[in-house]
Amino acid sequence: MPHDVYQTKQIIKYIDGQLLKIEDTIANEFPLTLYVNKEEFATIVCTPKYLRELAMGFLASEGVIRKHSDIKHFHLDDSKGLCHIELTREVDTSQAQFTKRMISSCCGKSRQFYFVNDMKTSKVATTTHTITPHEILNLMHTMQSQSTDFKVTGGLHNACISDGKDFYLHRNDIGRHNALDKLYGHCILNNISIKDKILIFSGRISSEILIKASKIGVGIILSKSAPTDLAIGLAEDLNITAVGFVRNDSFNVYSHPERIQHN
């Protein structure tokens with residue numbers, strides 16, 4: 001049963017000194033509860049589209065699965081917001097494993113993770129892929145031009161994954177992490193290699209987003225917004241090229257600039 005990404009509601013708008021009744025377009029939120037091996041694992045509040053990809057990507061980024069074949073049975077009941085996943089093996093899905101806060105060094109260096117599972121599932125990028133300034137600007141322009149749901153609602157995050165040439169995939173969601181998980185899930189479901197891919201993102205590169213990118217396995221992340229200091233430090237340690245403020249005809253490179261080649 002498909003759900004709408006957005007709906008219209010009557011609101012009051014103040015403009016030009018007047019209060020007016022207008023129709024506004026509002027992004028929908030949808031709770032999706034995941035059960036793993038018959039145990040409730042997580043509830044994701046999301047945009048109700050590409051839910052199978054979202055579930056797959058989320059489980060992979062949490063380290064519950066590594067590949068599609070780890071799943072024995074998958075049943076999605078989107079009319080009730082329930083997803084039942086049976087794995088080919090037993091896994092520890094206790095909440096302590098996935099939510100306990102800790103501070104630990106990253107790659108033996110001074111950077112910090114704040115969750116046990118992030119430390120276990122983050123990966124150091126091994127890609128030798130490079131990208132030109134022209135490709136960076138073109139990828140961001142392509143994502144922006146395709147962000148129709150955001151233009152209508154103003155309430156969605158956009159993300160794309162691409163090799164800069166032939167492969168390109170766009171997803172959006174009210175949750176920035178969800179948008180990335182949908183991309184990851186698509187690649188897992190279709191056995192698409194991620195090693196040589198580039199992540200394009202509409203929001204700020206926070207440490208959480210950088211860690212999510214490392215879990216996916218990309219070596220380059222592009223954003224139209226800014227990075228945080230912790231994200232830059234993690235990008236250096238995890239061998240990820242972080243590029244921010246990709247706007248108009250300029251951008252800033254914050255880590256591993258060796259992957260940026262002249263046109």
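Positions are given from 1, in the same order as the sequence printed here.
- There is no side-chain donor-acceptor pair under 3.5 Å between Ser225 and Arg204.
- Side-chain contact between Ile198 and Val218 is absent, with no heavy-atom pair separated by less than 4.5 Å.
- The two residues Leu51 and Thr47 have their closest heavy-atom pair at CD2-O, 3.9 Å.
- Ring planes of His157 and Phe201: parallel class, angle under 30° (limits at 30 and 60°).
- What you find for Met143 and Cys160 is that their closest heavy atoms are CG-SG, 3.2 Å.
- Within the 3.5 Å criterion, the main-chain N or O of Val246 finds no donor-acceptor partner in the side chain of Ser250.
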Discussion item. Walk me through whether Phe167 and Ile161 qualify under side-chain contact (heavy atoms from CB on, under 4.5 Å).
Written reply: CA-CA 8 Å; Phe167 176 77; Ile161 193 167; 3.7 Å; yes
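- Residues Ser202 and Arg176 form no side-chain contact, since every pair of their non-hydrogen atoms from C-beta on lies 4.5 Å or further apart.
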Practice prompt. Give the C-alpha distance, both sets of side-chain angles, the deciding distance and a yes or no for side-chain contact (heavy atoms from CB on, under 4.5 Å) between Lys13 and Ile22.
Written response: CA-CA 7 Å; Lys13 184 180 182 70; Ile22 67 165; 3.5 Å; yes
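- Side-chain atoms of Ser255 come within 3.5 Å of backbone atoms of Ile240 as a donor-acceptor pair (strictly under, hydrogens ignored).
- At most 12 heavy atoms of other shown residues, nucleotides or ligands fall within 6.0 angstrom of atom CZ in Arg66.
- Under the 4.0 Å criterion applied to side-chain N and carboxylate O atoms, Lys38 and Glu86 are not assigned as salt-bridge partners.
- Considering only heavy atoms from C-beta on, Leu199 comes within 4.5 Å of Leu183 through its side chain.
- Looking at heavy atoms from C-beta onward, Ile192 lies out of side-chain contact with Leu169 at the 4.5 angstrom threshold.
- Residues Ile71 and Met56 come closest through the heavy atom pair CD1-SD, 3.1 Å.
- Within the 3.5 Å criterion, the main-chain N or O of Gly203 finds a donor-acceptor partner in the side chain of Ser223.
- To the nearest 0.5 Å, the span separating CG on Leu34 from CD1 on Ile44 amounts to 4.5 Å.
- Distance check, rounded to the nearest 0.5 Å: NZ of Lys212 to CD1 of Ile221 gives 12.0 Å.
- Using a 4.0 Å cut-off between charged side-chain N and carboxylate O, Glu53 and Arg171 make a salt bridge.
- From Ile188, atom CD1 reaches atom CD1 of Ile194 across 6.0 Å, with rounding to the nearest 0.5 Å.
- In this structure, the side chain of Glu90 does not engage the main chain of Leu87 through any donor-acceptor pair within 3.5 Å.
- Using modelled atom types, one finds no donor on one side chain facing an acceptor on the other under 3.5 Å when comparing Thr25 with Thr8.
- Atoms OG and CD1, from Ser61 and Ile211 in turn, are 11.5 Å apart once rounded to the nearest 0.5 Å.
- The minimum heavy-atom distance between Lys123 and Ile216, with the atom names listed, is NZ-O, 3.6 Å.
- Looking at Phe251 and Leu222, their side chains never come closer than 4.5 Å, going by heavy atoms from C-beta outward.
- Using modelled atom types, one finds no donor on one side chain facing an acceptor on the other under 3.5 Å when comparing Lys197 with Ser162.
- Between the side chain of Asn190 and the backbone N or O of His186 there is at least one donor-acceptor pair closer than 3.5 Å.
- Residues Lys165 and Glu135 have side chains in contact (heavy-atom distance under 4.5 Å, counting atoms from C-beta outward).
- Put simply, CG on Asp196 and OG1 on Thr130 are 11.0 Å apart, with the number rounded to the nearest 0.5 Å.
- Under the 4.5 Å side-chain heavy-atom criterion for Ile, Leu, Val, Met, Phe, Trp and Tyr, Phe74 and Leu82 are members of distinct hydrophobic clusters.
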Discussion item. Quick one, Lys67 with Asp70, criterion side-chain contact (heavy atoms from CB on, under 4.5 Å). Give me CA distance, side-chain angles, the key distance, then yes/no.
Written reply: CA-CA 6 Å; Lys67 53 188 182 299; Asp70 288 338; 3.3 Å; yes
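- No cation-pi contact links Lys215 to Tyr184, judged by a cut-off of 6.0 Å to the six-membered ring centre and 45° from its axis.
- Side-chain contact check for Lys195 versus His129: every heavy-atom pair is 4.5 Å or farther apart.
- Other residues, nucleotides and ligands contribute at most 12 non-hydrogen atoms within 6.0 Å of the CG atom of Asn248.
- Side-chain contact annotation: Asp4 with Tyr6, donor-acceptor N/O pair under 3.5 Å absent.
- Nearest approach of Asn178 to Val45, heavy atoms of both residues: ND2-O, 3.0 Å.
- Remark: Leu139 CG to Ile131 CD1 distance equals 5.0 Å, nearest 0.5 Å.
- Leu210 places none of its side-chain heavy atoms less than 4.5 Å from the side chain of Leu230.
- When all heavy atoms of Gly219 and Ala125 are compared, the closest pair comes out as CA-CB, 3.7 Å.
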